[in-house]
K.L.:
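Let me give you the structure first, and then I'll get to my questions.
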Amino acid sequence: LMGFIDVQEVYELPNAVEVTAWSLFTSILGFLIVFRAQLAYSRYWEGITLVEQARGEWTNATSNLIAFCNPAKERKNQVRDFQL
């Protein structure tokens, strides 16, 4: 049939090696992206946990200073016992 364009001439189908290579490449790339994102996420939460722990320690230290360094007469014995 003259005048018709052959489909294979316009759009060349990829061979099996190219398909396998692209499939392998995208699988490895996807794994690496997910792995790095998960690693960054875990580092972020580890940092947040450590910041919150430090904030708790500072809050505890501040409240102890306020509670046990009180100049009130009625708490003088408790303050002296704490300082020993």
Side-chain angles (χ1 to χ4, degrees):
L1 296 167
M2 292 296 258
F4 290 104
I5 299 174
D6 190 14
V7 174
Q8 287 183 344
E9 290 177 9
V10 175
Y11 180 73
E12 187 176 319
L13 297 175
N15 61 18
V17 174
E18 289 176 358
V19 171
T20 304
W22 275 110
S23 177
L24 182 64
F25 173 74
T26 56
S27 297
I28 291 172
L29 183 63
F31 174 76
L32 290 175
I33 289 171
V34 169
F35 179 75
R36 284 194 46 114
Q38 188 270 335
L39 187 63
Y41 186 73
S42 66
R43 285 181 181 170
Y44 168 78
W45 279 110
E46 181 182 1
I48 292 296
T49 303
L50 291 174
V51 166
E52 287 297 318
Q53 183 180 358
R55 187 180 66 88
E57 295 286 333
W58 279 103
T59 302
N60 191 22
T62 304
S63 67
N64 281 338
L65 283 173
I66 291 170
F68 294 114
C69 294
N70 193 342
K73 300 275 185 200
E74 60 271 1
R75 301 189 85 184
K76 189 170 188 158
N77 288 336
Q78 289 178 337
V79 172
R80 187 175 33 90
D81 290 341
F82 173 74
Q83 290 175 349
L84 294 177

K.L.:
Salt-bridged, Arg55 to Glu52, with N to O below 4.0 Å?
P.N.:
yes

K.L.:
From Leu29 CG over to Trp22 CH2, what is the distance, rounded to the nearest 0.5 angstrom?
P.N.:
10.0 Å

K.L.:
Less than 4.5 Å apart, any side-chain heavy atom of Glu18 and any of Asn15?
P.N.:
yes

K.L.:
Please check: side-chain N/O of Ser27 versus main-chain N/O of Ser23, any donor-acceptor pairing under 3.5 Å?
P.N.:
yes

K.L.:
State the CG-OG1 distance between Asn64 and Thr59, to the nearest 0.5 angstrom.
P.N.:
11.0 Å

K.L.:
What is the distance from atom CD1 of Ile48 to atom OH of Tyr44, rounded to the nearest 0.5 Å?
P.N.:
4.0 Å

K.L.:
Please state whether the rings of Phe35 and Phe31 are parallel, tilted or perpendicular, taking 30° and 60° as the class boundaries.
P.N.:
parallel

K.L.:
Given the rule that I, L, V, M, F, W and Y join up when any side-chain heavy atoms are under 4.5 Å apart, are Phe25 and Ile33 in one cluster?
P.N.:
yes

